[in-house]
Amino acid sequence: MSTQTLLPETVTATDRQLSSRPSLAETYQQITAMAWRSVKKMFRNPEQFFDVTLQPLLFTAMFTYIFGGAISGSVADYMPIIIPGILAQTAITTCMAMGTQLREDMDKGVFDRFRSLPIARISPLAGPALADVIRYVIASTLTILVGLAMGYRPGGGFFGTLAAWALTIFAAWSLAWIFTWLGTVMRTAQAVQGTAMLIMFPLTFLSNAFVPEDTLPGWLHAFVKINPVSHVVTAVRDLMNDGAFTAEVGWALLGCLAVVAIFAPLAVRSYSKKV
């Protein structure tokens with residue numbers, strides 16, 4: 001037998017029939033694969049769940065009992081204001097970690113490995129964003145459960161509360177694309193974290209999440225009215241307290257879609273330049 005028949009057949013790169021762009025089905029499979037990778041990474045590093053488990057417990061109890069009597073006269077009267085506010089605030093601030101974790105992965109060279117793979121550019125970004133929904137679910141669910149344990153009874157009933165819960169998670173996932181973009185343009189994870197805090201803490205604390213906006217001074221009242229977080233908080237209150245799908249709910253959804261439409265392409269474009 002000739003030794004030539006034992007040699008493996010060599011196929012050059014030009015002979016391969018590779019798709020220039022993954023199909024939608026392939027992109028979906030790649031996103032879910034990246035999401036599963038991020039899920040396994042989360043459970044191997046349980047400290048990633050500290051903020052979504054401890055923060056709802058501390059914030060809900062602390063703000064309710066400290067400010068309840070001063071703002072609404074009693075804790076019971078304050079709960080319809082603070083519980084929806086904390087629900088939105090907790091989930092939204094949780095999404096800041098998305099950009100930091102992305103930047104850490106890029107600094108470790110993980111994304112350099114993805115560069116050689118014939119995958120859609122959005123999959124390494126959309127996969128972790130999809131997996132991070134688990135953290136938003138935990139934060140939102142714990143906040144509602146703590147509120148119920150403290151005596152809060154949503155006037156919107158089960159379906160109103162469920163709709164508010166879903167809106168909060170969608171808002172957090174949408175805003176996470178802002179920090180995903182920051183993760184691709186900042187040089188270090190510390191820079192991403194610092195910039196994220198400068199963005200989100202004013203937006204969350206200078207909103208109507210903790211106090212009625214009518215009690216604020218004029219200049220601050222004007223800012224609160226245009227603050228996107230205020231629209232989310234108001235929409236969550238309308239759903240939880242009244243079970244009403246008001247115009248604020250529509251504006252909140254529209255704002256979330258606008259954020260995704262703007263920052264998801266920016267993140268993919270910036271990521272493509274880096275790799």
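Residues: numbered from 1 along the sequence shown. In this text, all values refer to a predicted model and were calculated from it rather than measured experimentally.
- Taking the six-membered ring where the residue is Trp, Trp173 and Trp177 present perpendicular rings, their angle passing 60° and hence far from 30°.
- Cluster annotation: Ile144 and Phe159 are assigned to the same hydrophobic cluster (Ile/Leu/Val/Met/Phe/Trp/Tyr, side-chain heavy-atom contacts under 4.5 Å, transitive).
- A distance-only check finds a donor-acceptor pair linking the side chain of Tyr78 to the backbone of Phe210 [under 3.5 Å].
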For Tyr136 and Thr168, what are the C-alpha separation, side-chain angles and deciding distance, and is it a side-chain contact (heavy atoms from CB on, under 4.5 Å)? CA-CA 8 Å; Tyr136 312 147; Thr168 303; over 6 Å; no
Show, in sequence, the C-alpha distance, side-chain angles and deciding distance for Phe170 and Leu253, and conclude whether the side-chain contact (heavy atoms from CB on, under 4.5 Å) test is met. CA-CA 8 Å; Phe170 179 63; Leu253 291 172; 4.0 Å; yes
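- Heavy-atom minimum distance, Gly151 versus Met79: C-SD, 3.8 Å.
- Counting all heavy atoms, side chain and backbone alike, Val192 lies closest to Gly99 at CG1-C, 3.5 Å.
- The minimum heavy-atom distance between Phe223 and Pro202, with the atom names listed, is CE2-O, 4.5 Å.
- Of all heavy-atom pairs spanning Gly85 and Val233, the tightest one is CA-CG1, 3.9 Å.
- Using a distance-only test at 3.5 Å, with no hydrogens or angles considered, no donor-acceptor pair links the side chain of Ser72 to the main chain of Gly68.
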Would Trp165 and Val137 count as a side-chain contact (heavy atoms from CB on, under 4.5 Å) if you check the C-alpha gap in whole Å, the side-chain angles of each, and the deciding distance to 0.1 Å? CA-CA 8 Å; Trp165 175 83; Val137 169; 3.7 Å; yes
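- Between Arg237 and Ile81, the shortest heavy-atom contact is NH2-O, 2.9 Å.
- The number of heavy-atom neighbours closer than 6.0 Å to CZ of Phe205, taken from other residues, nucleotides and ligands shown, is above 12.
- Gln30 places a side-chain N or O within donor-acceptor distance of the main-chain N or O of Ala120, the cut-off being under 3.5 Å.
- Residue-environment remark: NZ (Lys41) exceeds the threshold of 12 foreign heavy atoms within 6.0 Å.
- Annotation: the span from His231 atom NE2 to Lys225 atom NZ amounts to 9.0 Å, rounded to 0.5 Å.
- We find the CG-CZ distance between Asn241 and Arg153 to be 13.5 Å, quoted to the nearest 0.5 Å.
- At least one side-chain heavy atom of Ile71 sits under 4.5 Å from a side-chain heavy atom of Pro212.
- Hydrophobic clustering keeps Tyr28 apart from Ile31 (ILVMFWY residues linked when any side-chain heavy atoms are closer than 4.5 Å, directly or through intermediates).
- Under the 4.5 Å side-chain heavy-atom criterion for Ile, Leu, Val, Met, Phe, Trp and Tyr, Leu203 and Leu220 are members of the same hydrophobic cluster.
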Go through Phe263 and Leu182 one step at a time and tell me if the side-chain contact (heavy atoms from CB on, under 4.5 Å) criterion holds. CA-CA 10 Å; Phe263 286 96; Leu182 287 176; over 6 Å; no
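- Put simply, CZ on Phe63 and CG on Leu58 are 10.0 Å apart, with the number rounded to the nearest 0.5 Å.
- One hydrophobic cluster holds both Ile169 and Val236 under the rule that ILVMFWY side chains link at heavy-atom gaps under 4.5 Å.
- Interatomic distance, CD1 of Ile86 versus CD1 of Ile82, reported as 4.0 Å (0.5 Å rounding).
- Note: Ile178 CD1 to Met98 CE = 13.0 Å, rounded to the nearest 0.5 Å.
- Expressed to the nearest 0.5 Å, how far OG1 of Thr234 lies from CH2 of Trp251 amounts to 14.0 Å.
- Side-chain atoms of Leu87 and Ser140, non-hydrogen and from C-beta on, do get closer than 4.5 Å to each other.
- The minimum heavy-atom distance linking Ala163 with Phe245 is given by the pair CB-CZ, 3.9 Å.
- Of the possible polar contacts, one joining the Ser207 side chain to the Thr204 backbone as a donor-acceptor pair under 3.5 Å is found.
- Side-chain contact between Pro84 and Asp238 is absent, with no heavy atoms from C-beta onward closer than 4.5 Å.
- Within the 3.5 Å criterion, the main-chain N or O of Ala267 finds no donor-acceptor partner in the side chain of Ser270.
- Within a 6.0 Å sphere centred on CE of Met62, heavy atoms belonging to other residues, nucleotides or ligands number more than 12.
- Ser38 and Asp132 form no side-chain donor-acceptor contact under 3.5 Å, judged by distance and modelled atom types alone.
- At a threshold of 4.5 Å between side-chain heavy atoms, the hydrophobic network of Ile, Leu, Val, Met, Phe, Trp and Tyr places Trp219 and Leu216 in one connected group.
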